[in-house]
Amino acid sequence: MSLTISDFYQGKHILIFGSTTFTGKVLLEKLLRSCSNVERIYCPIQSHETNSPVDTFNEIYASKLFDRVRSINPKFQDKILPFDQKLLCSSDETTVDRDKIDLCYYIAHNSVDFQEQNLKDLITINVIDLKTNLQFLKTCSQLKSLVYLSSIYANIDCPFIDECIYPCGIQPEKLIDAFDWMDQEMLALATPKLIGPKPNAFTFTHWLAETVLANERTFLPPISIVRVSIIGAAWKEPYPGWIEKSNGPSELFVAAGRGYLRSMKSDSQDILDIVPVDIAVNLLIASLWSKSLDEQQQQQQTSKDIKIYHCTSSGLNPFHWQEMSNYLTEYSKRIPYEHAFRRPNLSITSHSLVHDSYVFFSHLIPAYLADFGLRLIGRQAHVVNIYKNLHRILLSLESFIHRDEIQCSYDSLNALKQLVNETNNASEFYFDIRALHWPTYIESYLIGTKRYVLNENMNCLNSAQKHLTNLRNIRWTFNTILLVLLWRIFISKRPTARNLWYFIINFFVAKFVRFFKIFNAGNN
């Protein structure tokens, strides 16, 4: 009988690259809680002048993320060994014994916060660092399997994304060498030509990273790749709605919930392809277990094929932007954020003229009026800057959020799902996104953002509700004043307009009187 996932991890020494990322931390928590019999987890990180690796992880341990693990094992941190990633390139064996490492997780740079669009920086993170770390993994004699977290958008230019590595026309090594003599101006000019049909540098560098893995697979243990779409807040674990920092969709949810974001240019049937972080983490854990399960197959394996899993929602449980807008507006009024700028009301439109009108009248004019008012009372103006940042985020996310269903294969995912159901408790390592109920998830997402990102108290909703009521009253007052001004300027001074206005009023009054008489006659 096959080992269960928990039994498989017993006594294992695990190496995790990217352990300080959002996904990496949730992976750590899940391993310590559901596979508590692991022997040691090595966490190489980039060292900073201000914080050492130990100090960085002390801050991580203190977060609410590890409360459930802490209640089970108060000394859980003894299983984790953080250290400077530079030590991997040294001959010092005092920190990590490479001959003890059994399994490796490689959490690639998968954030949806695309502030750094510099191709050279992204290649350094996603390609050069990967090649360096793979050289270390080649020296780990006991390493049995490696799983790499990639992005489904690396191949988004393909009409149908199959479970294979798509060939890259550019050799990563030659491109890396070219960066040594290219200055920033030359690089900026060459970037559109280099990335070709890829939507941005982020997807291009993930494509290069997969190429590197394919080229190096002969010298490495069995490899799995999990291609995920946009990673969002947790569905169930460690807590419903758990989100660590505000990026990607979370930025948009906060902006819409506080009334800043009033319009998005998108087709109402476009799909928000978001995957809860715990689904991605469970798939990573199960894929590593599956790849390492049959030792006899590993010994006989000669082709070194890379197993690829697609982790998306659009093809299995699609969620449209119009639905998201409706739920977001409803739940933001029911559980409002503090310090709202306006009442939540997000419109989704595919018409450029309508969207531009919304941006001008509902974004720019209120922003400049608000900053003008802040300056009058001696406070620092900041609303215009909020909108500049918001519009930058919308622009950077365009190629990811304005999409139909991502057409891709789920053969490996379905086979792994069946294997897990047959040999494990399916509710412990779940990754079937078809069971996700989107309205409940969006509500949990908003609550999680309120709790964990904005640090707002859920027991103090009355003041936020009163603030929304005041904003509504201000809006009604403003609209009334505007209507009176329009009357004074355009209608009362022009006989034709005034006669038309009286005709409309008399028409509706006559209709109302007639309806009232018929209603009374019917009752008598």
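Quick caveat: nothing in here was measured; it's all calculated off a predicted structure.
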| task | Give the ring-plane orientation class for Phe253 versus Tyr445, where under 30° counts as parallel, over 60° as perpendicular and anything between as tilted. | result | perpendicular
| Between Tyr61 and Phe76, what is the ring plane arrangement, given parallel below 30°, perpendicular above 60°, and tilted in between? | perpendicular
Salt-bridge present ([X], [Y]; N to O < 4.0 Å):
| X | Y | answer |
| --- | --- | --- |
| Glu29 | Lys25 | no |
| Glu210 | Arg227 | yes |
| Glu39 | Lys100 | no |
| Arg434 | Asp432 | yes |

| message | Filter on side chain to side chain donor-acceptor pair (under 3.5 Å), then keep only pairs touching residues 70-83, sequence neighbours left out; what's left? | response |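 Sorted result for residues 70-83: Asp67-Arg70.
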| query | Tell me, which pairs form a ring-ring contact (aromatic ring centres under 6.0 Å, His included) where one or both residues lie in residues 142-172, sequence neighbours left out? | reply | Tyr106-Tyr148, Tyr153-Phe400
| task | Please step through side-chain hydrogen bond (donor to acceptor under 3.5 Å, both in side chains) for the pair Thr124 and Asp121, ending with a clear verdict. | result | CA-CA 5 Å; Thr124 300; Asp121 292 341; 5.3 Å; no
| query | Just checking, Lys30 and Phe429: is the charged tip under 6.0 Å from the six-membered ring centre and within 45° of the axis? | reply |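 The answer is yes, since Lys30 meets both limits relative to Phe429.
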| query | Under the 6.0 Å and 45° cation-pi test, does Lys450 pair with Tyr337? | reply |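 Here Lys450 fails the 6.0 Å and 45° test against Tyr337.
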| said: Applying salt bridge (charged side-chain N to carboxylate O under 4.0 Å, His left out), can you list everything that pairs with Arg451, at least two apart in sequence or on another chain? | reply: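 With sequence neighbours excluded, Arg451 shows a salt bridge (charged side-chain N to carboxylate O under 4.0 Å, His left out) to no residue whatsoever.
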| task | State which residues pass salt bridge (charged side-chain N to carboxylate O under 4.0 Å, His left out) with Glu405; sequence neighbours excluded, sorted by chain then number. | result |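 With neighbours one apart ignored, the set is empty.
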| message | According to salt bridge (Lys or Arg N to Asp or Glu O under 4.0 Å), does anything in residues 278-287 pair up with another residue at least two apart or in another chain? List the pairs. | response |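 Listed by first then second residue: nothing to list.
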| request: Sorted by first residue and then second, give each salt bridge (Lys or Arg N to Asp or Glu O under 4.0 Å) pair with at least one member in residues 158-171; sequence neighbours left out. | output: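 Counting only pairs at least two positions apart or across chains, no salt bridge (Lys or Arg N to Asp or Glu O under 4.0 Å) contact touches residues 158-171.
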| query | Is there a donor-acceptor contact under 3.5 Å from the side chain of Thr211 to the main chain of Trp207? | reply |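 Indeed, once roles are kept as given, a pair shorter than 3.5 Å links the two residues.
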| said: Please tell me whether His206 and Phe202 form a close aromatic pair, meaning their ring centres lie under 6.0 Å apart. | reply: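 Between His206 and Phe202, the centre distance is under 6.0 Å.
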| request: Mind checking the CZ-CG spacing from Phe8 to Asp102? Nearest 0.5 Å is all I need. | output: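 Rounded to the nearest 0.5 Å, the CZ-CG separation comes out at 8.0 Å.
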